[in-house]
Amino acid sequence: MADEPTGLWLIGARGSVATTAVSGLLALRAGLVPATGCVTERPELAGLPLPGWSDLVVGGHDVTHTPLEKRAEALAQGGVVPHHVLGAVRAGLRAVDAEIRDGYHPATADGPQADAARRLASDITAFRDRHGLARVVVVNVSSTEPPVPHVPAHDDLGALEKALADPAKRVLPPSSLAAYAALNAGCPFVDFTPSTGIALPALDALARQEGLPYAGRDGKTGETLVRTVLAPMFTARALRVRSWAGTNLLGGGDGATLEDPAHADSKLRSKARGLEALVGEPVPAPLHIDNVPDLGETKTAWDHVSFEGFLGARMSLQFTWTGLDSALAAPLVLDLARLTAAAHRAGEVGPLGALAFFFKDPLGGDEHRFAAQADELHRWAAGLGR
């Protein structure tokens, strides 16, 4: 499989995470940087039948038109993309930018959503055919959407397709329409966001009908990563977590998006579900997300954990995490594309629960403990090589 050309189709292809992933991929391909942060380059995953860096061909959808090269320049100013890398990958960024097509925006789309889905799917299949790709993995790295109200069509594929054909209805949010289009194009789907995406029963049915794997949701890159390591410590030592409060300060596009409480709600729900699963009971976990434009691409998270020990002794733990979120997310996007491509080649269908390692709110499994997730990932990956 190492020599099979494989497509990576990014939803939100001109955003910070996508631009960082593409810049990093081009730099890895040229031998300019080590594969720091890429889990698929760890010894535990060595020898797997994964597409190589040179085998990945990138395209995508986006509703914005700022060229990748300009986005990369902004990321260089923010300390995410090194200036020597930017200079070396400019031509490659321009080539990838030529493969980006207009995405779906409900405010500007006319006609039924079924027509929009056909257009999106056609863009992907044309990309696959144009480059002679063995497969295309579609990864959603677009801005977080607010939660959507449940409607009966979300539960049944036939009802969903009927609703999609009705020009008066907008039954799917953009993330789910992207997933629907990807599945109809015969492509596995990865949701790196907390948006609804593929997490609907009707879309699960479509994935199984088409024989496709999928993975998600909400990439685990910073504060939640630390939580999944620390929380099992308390439960293993029979210490009771009384509360786990947090504050996130971030700028850039995520900061502006999550400043809207409706959009932030998806992120907050994702984080809360994981913490409850880790400690085994509901825990007060207030979390505030504040937009601080001055921080740019930097994200700072502060957590205060109140816990109880023997004889009711009250104690606390505090930690601060500061990172460049796009630099943490981008290598995981590349990892997920490689692993999902291998799963597709191996004939796996439905949610890839073994990829919970990468997500805050994993589909196909309820394991949130980081060490256990890592063990499961390694066991599953070893089976791909057989």
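Given the structure is predicted, the values throughout are model-derived calculations rather than measurements.
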Handout entry: Name of the residue among His65, Arg14, Lys70 meeting side-chain hydrogen bond (donor to acceptor under 3.5 Å, both in side chains) with Asp97
Key =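 Exactly one candidate clears the test, Arg14.
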In terms of hydrophobic clusters joined by side-chain contacts under 4.5 Å, are [X] and [Y] together?
{"X": "Val148", "Y": "Ile198", "answer": "no"}
{"X": "Leu75", "Y": "Leu334", "answer": "yes"}
{"X": "Ile100", "Y": "Leu25", "answer": "yes"}
{"X": "Leu212", "Y": "Leu8", "answer": "no"}
{"X": "Val279", "Y": "Leu225", "answer": "yes"}

Problem - Geometric class of the Phe319/Trp244 ring pair [parallel <30°, tilted 30-60°, perpendicular >60°] - result: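 If you compare the ring of Trp244 with that of Phe319, the planes turn out perpendicular.
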Exercise for the section: Determine the interplanar angle of the His304 and Trp302 rings, folded into 0 to 90°, and report it as parallel if under 30°, tilted if 30 to 60°, perpendicular if over 60°. Expected result: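 The arrangement is tilted - the two ring planes meet at 30° to 60°.
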Using every non-hydrogen atom in the two residues, find where [X] and [Y] come nearest and quote the distance to one decimal.
{"X": "Leu28", "Y": "Ala35", "result": "CD2-CA, 3.7 Å"}
{"X": "Ala13", "Y": "Asp62", "result": "N-OD2, 3.2 Å"}
{"X": "Thr340", "Y": "Pro188", "result": "CG2-CB, 3.7 Å"}
{"X": "Leu250", "Y": "Ile289", "result": "CD2-CG2, 3.4 Å"}
{"X": "Pro232", "Y": "Leu278", "result": "CG-CD2, 4.1 Å"}
{"X": "Gly15", "Y": "Arg71", "result": "C-NH2, 4.0 Å"}

Taking C-beta and beyond as the side chain, do [X] and [Y] meet within less than 4.5 Å on heavy atoms?
{"X": "Leu355", "Y": "Leu336", "value": "yes"}
{"X": "Arg94", "Y": "Leu68", "value": "no"}
{"X": "His83", "Y": "Gln77", "value": "yes"}
{"X": "Phe127", "Y": "Glu99", "value": "yes"}
{"X": "Ser142", "Y": "Pro174", "value": "no"}
{"X": "Leu339", "Y": "Leu50", "value": "yes"}
{"X": "Leu93", "Y": "Ser23", "value": "yes"}

Problem - For Ser175, side chain to side chain donor-acceptor pair (under 3.5 Å) partners two or more places apart - result: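 With neighbours one apart ignored, the set is Glu145.
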Ionic contact status for [Y] with [X], cut-off 4.0 Å:
{"X": "Glu4", "Y": "Arg345", "value": "yes"}
{"X": "Glu367", "Y": "Arg369", "value": "yes"}
{"X": "Asp191", "Y": "Arg217", "value": "no"}

Handout entry: Candidate pair Glu223 and Lys299, rule salt bridge (Lys or Arg N to Asp or Glu O under 4.0 Å), full reasoning
Key = CA-CA 10 Å; Glu223 177 189 33; Lys299 177 180 178 180; 5.5 Å; no
Exercise for the section: For the residue pair Tyr104 and Gln113, confirm or rule out a side-chain donor-acceptor distance under 3.5 Å. Expected result: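 Side-chain D/A pair, Tyr104 to Gln113: present.
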Exercise for the section: Not counting sequence neighbours, which residues clear side chain to side chain contact (heavy atoms under 4.5 Å, CB included) with Arg242? List them please. Expected result: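 Once residues adjacent in sequence are excluded, the partners of Arg242 under the side chain to side chain contact (heavy atoms under 4.5 Å, CB included) criterion are Arg240, Ser306, Glu308, Arg314.
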Practice task
Test the Arg338-Trp53 pair against the cation-pi criterion, namely NZ or CZ under 6.0 angstrom from the six-membered ring centroid and within 45° of the ring axis.
Solution key: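 Judged by the rule, Arg338 and Trp53 form a cation-pi pair.
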Roughly how far, to the nearest 0.5 Å, is [atom2] of [Y] from [atom1] of [X]?
{"X": "Phe359", "Y": "Thr228", "atom1": "CZ", "atom2": "OG1", "value": "13.5 Å"}
{"X": "Leu203", "Y": "Glu210", "atom1": "CG", "atom2": "CD", "value": "12.0 Å"}
{"X": "Leu183", "Y": "Arg208", "atom1": "CG", "atom2": "CZ", "value": "12.0 Å"}
{"X": "Asp303", "Y": "Ser316", "atom1": "CG", "atom2": "OG", "value": "12.0 Å"}
{"X": "Leu377", "Y": "Leu352", "atom1": "CG", "atom2": "CG", "value": "11.0 Å"}
{"X": "Thr224", "Y": "His368", "atom1": "OG1", "atom2": "NE2", "value": "10.5 Å"}

Is there a donor-acceptor pair closer than 3.5 Å between any side-chain N or O of [X] and the backbone N or O of [Y]?
{"X": "Asn184", "Y": "Tyr180", "result": "yes"}
{"X": "Ser195", "Y": "Gly197", "result": "no"}
{"X": "His344", "Y": "Gly211", "result": "no"}
{"X": "His131", "Y": "Leu133", "result": "no"}
{"X": "Gln373", "Y": "Ala356", "result": "yes"}
{"X": "Ser176", "Y": "Leu172", "result": "no"}

Handout entry: Distance flag, aromatic centroids of Phe358 and Phe192, threshold under 6.0 Å
Key =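 Ring centres of Phe358 and Phe192 not closer than 6.0 Å.
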Practice task
Please report the C-alpha distance between Thr193 and Thr144 in whole Å, then the side-chain angles of each, then the deciding distance to 0.1 Å, and finally whether the side chain to side chain donor-acceptor pair (under 3.5 Å) criterion is met.
Solution key: CA-CA 6 Å; Thr193 83; Thr144 298; 5.6 Å; no
Handout entry: Stepwise salt bridge (Lys or Arg N to Asp or Glu O under 4.0 Å) test for Arg119 and Asp123
Key = CA-CA 6 Å; Arg119 176 181 66 81; Asp123 289 339; 3.7 Å; yes
Practice task
For the pair His61 and Arg101, evaluate side chain to side chain donor-acceptor pair (under 3.5 Å) and give the outcome as yes or no after the intermediate values.
Solution key: CA-CA 5 Å; His61 281 123; Arg101 302 293 181 261; over 6 Å; no
Handout entry: Within 6.0 angstrom of Asp129 CG, more than 12 heavy atoms from elsewhere
Key =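 Buried by this count: over 12 neighbours within 6.0 Å.
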Handout entry: Chi angles and distances behind the side chain to side chain contact (heavy atoms under 4.5 Å, CB included) call for Val139, Trp9
Key = CA-CA 6 Å; Val139 182; Trp9 189 267; over 6 Å; no
Handout entry: Worked verdict on Asp218 versus Lys360 for salt bridge (Lys or Arg N to Asp or Glu O under 4.0 Å)
Key = CA-CA 5 Å; Asp218 200 3; Lys360 297 183 184 76; 3.4 Å; yes
